[in-house]
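For the numbers below, each heavy atom of this structure counts, side chains included, while hydrogens, waters and symmetry mates do not. On a predicted model such as this, the values are computed, not experimentally measured, just so you know. Chain A is the first sequence line, chain B the second, and so forth, proteins listed ahead of strands; every chain is numbered from 1.
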Number of protein chains: 2
Amino acid sequence: MRDAHHPHTRDLSLVEVLSALGDPVRLGLVRLLADGRERGWGQLSAPVAKSTLSHHLRVLRDAGITRTRQEGTRCYVALRRADLDARFPGLLAPVLESAEAHDAGAGVHLRESGPL
Amino acid sequence: MRDAHHPHTRDLSLVEVLSALGDPVRLGLVRLLADGRERGWGQLSAPVAKSTLSHHLRVLRDAGITRTRQEGTRCYVALRRADLDARFPGLLAPVLESAEAHDAGAGVHLRESGPL
DNA sequence: TTCGATGTTTGACGAACATCGAACAAGCTA
DNA sequence: TAGCTTGTTCGATGTTCGTCAAACATCGAA
């Protein structure tokens, strides 16, 4: 819960990023974060157990797609859009647009009344 | 070898496409086809056995990323760029550019003197 | 300090995947 | 017909992945 390791921008791997995005739950999570706002863990609702959700958030974090910040006992997740754009220019936008257009990653949504 | 099934453009799944691209060998193959030219199977050289290469080409084909054409006993592979652009506008270009920029999918290259 | 809330980690499981060599099938060519 | 070339398919194997429940760790509050 403590050592949230985030890879440096220069170390982001394209294959790893694409692979991380190639899962419905994770793509749905990224879609939720697309507006750039930071979200509380508790706001994230996916059709999987919380341990599985934790796993997916870890995969996204390890791939450098999201950044996790801890505050007290709560966690906040945000998209590393600037870093991704710097390393893979133009990649994120069409992914998000296509995901939105085809409603990919459905089943993942914001929970009513969550922290932050 | 005969029934090369290609999904219709309208059925292409973003998750499936991203997942298919999230492998070094497959991304390397896509990079080779980036110039739009059709390539003969025999031209493709990857650091895997031919049965494995056949498998990867099948994954790409099933995801709708490539099109395979058979002519006699030979096969030719090409990128379905127009279809991908139609279904996922703007997605392919930055993927190819980033792959090129970071030399992703290395190990896959064109073989000297192959069919076509 | 005890309790409750919040995520993470662990252990386990089946499914999917990447990989290989060998056998196979299809189509030229001799 | 027999043989060669070209890919595909078939087991087999070891790995990774997605998933869950349960145990654990951390922090704030009572």
Return the value, rounded to whole Å, for the distance between atom CZ of Arg74(A) and atom C1' of dG28(D). 10 Å
Take the protein atom NE2 of His55(A) and the nucleotide atom P of dA12(C), then report the distance between them rounded to whole Å. 18 Å
Identify, between Thr68(A) and Pro47(B), the residue whose nearest nucleotide on DNA chain C lies closer to the 5' end. Thr68(A)
OP1 or OP2 of dG18(D) less than 4.0 angstrom from a side-chain nitrogen or oxygen of Arg26(A), does that happen here? yes
Any heavy-atom pair between the side chains of Val108(A) and Arg31(A) that's under 4.5 Å? no
If the cut-off is 4.0 Å, is Trp41(A) near the phosphate of dA5(C), judged by side-chain N/O to OP1 or OP2? no
For a quick test of reading the model: is some side-chain N or O of His56(B) closer than 4.0 Å to OP1 or OP2 of dT19(C)? yes
Using OP1 and OP2 only, check whether a side-chain N or O of Ser54(A) sits under 4.0 Å from dT8(C). yes
Could you state the interatomic distance from CD (Glu38(B)) to SG (Cys75(B)), rounded to the nearest 0.5 Å? 10.0 Å
Look at the side chain of Ser51(A) against the base of dA21(D) and say whether a donor-acceptor pair falls under 3.5 Å; ignore hydrogens and angles. yes
Hunt down the Watson-Crick or G-U wobble partner of dC20(D), both distances under 3.5 Å, from any strand shown, or write none. dG11(C)
Between atom CG in Leu60(B) and atom C1' in dA18(C), what is the gap in whole Å? 14 Å
Is any side-chain heavy atom of Arg80(A) closer than 4.5 Å to one of Pro7(A)? yes
Any donor-acceptor pair under 3.5 Å linking the side-chain atoms of Arg67(B) with those of His6(B)? no
Start at the 5' end of DNA chain D and walk down; is the nucleotide closest to Val48(A) or to Glu71(A) reached first? Val48(A)
Tell me: NZ of Lys50(B) to C1' of dC24(C), nearest whole Å? 10 Å
Across all strands shown, which nucleotide pairs with dA16(C) by Watson-Crick or G-U wobble geometry, both distances under 3.5 Å? dT15(D)
For Gln70(A) and dA5(C), give me the distance from atom CD to atom C1', rounded to whole Å. 13 Å
What nucleotide, of dT9(C), dC27(D), dG7(C), holds the atom closest to the side chain of Thr73(A)? dC27(D)
In whole Å, what is the span from the CZ atom of Arg69(B) to the P atom of dA26(C)? 20 Å
Roughly how far, to the nearest 0.5 Å, is OG1 of Thr66(A) from CG of Leu29(A)? 8.5 Å
Donor/acceptor link under 3.5 angstrom from Thr52(A) side chain onto base of dG18(D): no
From CG of Leu44(B) over to P of dT6(D), roughly how many Å is that when rounded to an integer? 13 Å
Can you measure Arg111(A) atom CZ to dA5(C) atom C1' for me and round it to whole angstrom units? 14 Å
